[in-house]
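The shown structure was predicted, so the numbers you read here are calculated from the model rather than taken from an experiment.
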Amino acid sequence: MLSDQSTIIALATPLGKSAIAVIRLSGPSAIALVNNVFKGKNLLTQPAHTVHFGCLHERGKVVDEVLVTLFKAPRSFTKEDSVEISCHGSPFIIQKIIQLLIDQGARPAKPGEFTQRAFLAGRFDLNQAEAVGNLIEADTALAHQAALHQMRGGFSHQLRELRGQLIHCASMLELGLDFAEEDVDFASENELGDLLKTLMSHIQALIESFKLGHVIKSGVATVITGKPNVGKSTLLNALLGEEKALVSNIAGTTRDVIEEAITLGGVLFRFMDTAGLRKASNAIEAMGIGKAKEKIQSAQLILHLFDLHNEKPAYIAEKIQALYKGETPCIAIGNKVDQIPEKLQKVYSQMDMVLIAAKKKQNLAGLKHALIQKLALNKVSHAQTIVVNTRHYHSLCQSKKALEEVMEGLHKKVSHELVVLDIRKALHHLGEITGEITTEDLLSNIFSQFCIGK
């Protein structure tokens, strides 16, 4: 699957007016095409990694004053001759320059085609290429950290080690087959079993990291629940630092789901204020409660508020126990702590919940700390590999499944020829992640999700 030999062009900076825009070209004719319309130094004779000031002309008329940066193969992102044109950020000028160079022989780049060419040229593996897209999309500190670790080869290094050990395992079995008549054992089944258990343990750790990786990449869907008038909307406003949700003493004010996002501890939390959970007094409130229940079902984290001023400790204690038995992570929050006597505050402080006064913004820092701790976000290290792509997660699951079949085959004394086939299945699925095993359709699907200039 070799890249074609055309020269491609695209805007590398966002659409819209800006002070400066950057237009990229890559391909064998990139420098020559720009040189045809550039008035300044002869670009064909200039060394790589140099910047040149001049004007772009169309039929003798100046289009714009520009800076042209040259990259010569193989010392470029795509390992092809490449040019970056820094021009003024007028949409008219940008389109004029792109059309001018298309008329010279360039063609518009497809989404992700620059990165795809870099991958096909062997600049990095497929996993690292996808990390480029993740890095562009990263809008929080942890998303940036995970993407950068992936792009710099941390995940790929682990996969290479796993594949190397699997290849060694398959080699021992195949050598045993070759020398079966000589009664020579290159590795005992116990040794192979121990090696496979270690490999499966590593793969399982990567699989389990996807839950956290999905949170880091997409944000945490966090639903605020509780009875009417316990302070859910007040809490949302306090967390956001602005009046987003309507607050009233009238129970049942919130009829629809109000959603807003903020970043805490380097992760995006998508907070959803929902209708109070009770028996609906009318059809509209019933619809709101129905939506609230839907959001609770799909939530990744639940914040359940209790009104400490109007509820009894025994009821709250019983309810907290039930909440923490659910599958979805939950934080119990006792609101209006400022409205109860100190003696009762001590009782509630012994319970597994965060005590706040949302209206006075009391102990919001404690609540934010509890949010980060609940998802173990404070334990993520810079050197940790976290799986963030769904494609990688599925390939790892398939690889683990194949290794389970290998273990079962060894246990049942299945012919080593068949066991080796299952090891090759595991190798195949790991190879899908790095691009050692790939198809044209897979590449098209991956790179089509990139922006055009990347």
Legend entry - Least distance between heavy atoms, A118 atom then F124 atom: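 In this case the closest contact between A118 and F124 is CB-CZ, 3.6 Å.
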Rounded to the nearest 0.5 Å, what separation is found between the [atom1] atom of [X] and the [atom2] atom of [Y]?
X: L235; Y: I356; atom1: CG; atom2: CD1; value: 4.5 Å
X: S448; Y: L443; atom1: OG; atom2: CG; value: 10.5 Å
X: H394; Y: I207; atom1: NE2; atom2: CD1; value: 11.0 Å
X: K368; Y: L371; atom1: NZ; atom2: CG; value: 9.5 Å
X: I9; Y: I102; atom1: CD1; atom2: CD1; value: 6.0 Å

For a quick check under 3.5 Å, do [X] and [Y] share a side-chain donor-acceptor pair by atom type?
X: E161; Y: Q165; result: no
X: T50; Y: H52; result: yes
X: Q150; Y: N127; result: yes
X: S395; Y: H429; result: no
X: H392; Y: E130; result: yes
X: N42; Y: Q46; result: no
X: S156; Y: D125; result: yes

Inset, instruction - Among N36, D64, I85, find the one that has a side-chain contact (heavy atoms from CB on, under 4.5 Å) with L56. - result: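 Single pass found, and it is I85.
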Got more than 12 heavy atoms from elsewhere within 6.0 Å of [atom1], [X]?
X: I20; atom1: CD1; value: no
X: K79; atom1: NZ; value: yes
X: H49; atom1: NE2; value: yes
X: I167; atom1: CD1; value: yes
X: K72; atom1: NZ; value: yes

For the side chain of [X] and the backbone of [Y], is there at least one donor-acceptor N/O pair under 3.5 Å apart?
X: S76; Y: E80; value: yes
X: S209; Y: V387; value: yes
X: S90; Y: H88; value: no
X: Q362; Y: A357; value: no
X: N363; Y: L355; value: yes
X: K232; Y: K227; value: yes
X: S399; Y: L430; value: no

Decide, yes or no, whether a salt bridge links [X] with [Y] under the criterion of side-chain N to carboxylate O below 4.0 Å.
X: E113; Y: R107; result: yes
X: E405; Y: K401; result: no
X: R163; Y: E436; result: yes

Legend entry - Any side-chain heavy-atom pair of T434 and F155 under 4.5 Å: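 Of all side-chain heavy-atom pairs linking F155 with T434, none is under 4.5 Å.
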Inset, instruction - Establish, for the pair K374 and Y324, whether the NZ or CZ atom is under 6.0 angstrom from the six-membered ring centre and no further than 45 degrees off its axis. - result: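 Judged by the rule, K374 and Y324 form a cation-pi pair.
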Inset, instruction - Report yes or no: is the cationic atom of R24 (NZ for Lys, CZ for Arg) closer than 6.0 Å to the six-membered ring centre of F114, at no more than 45° off its axis? - result: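 Satisfied, under 6.0 Å and within 45°.
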Inset, instruction - Please work out whether the ring planes of F269 and F271 are parallel, tilted or perpendicular, with thresholds of 30° and 60°. - result: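 Rings of F269 and F271: parallel, as their planes differ by under 30°.
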Inset, instruction - Look at the aromatic rings of F210 and Y393 and report parallel, tilted or perpendicular, splitting at 30° and 60°. - result: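 Parallel: the ring planes of F210 and Y393 meet at under 30°.
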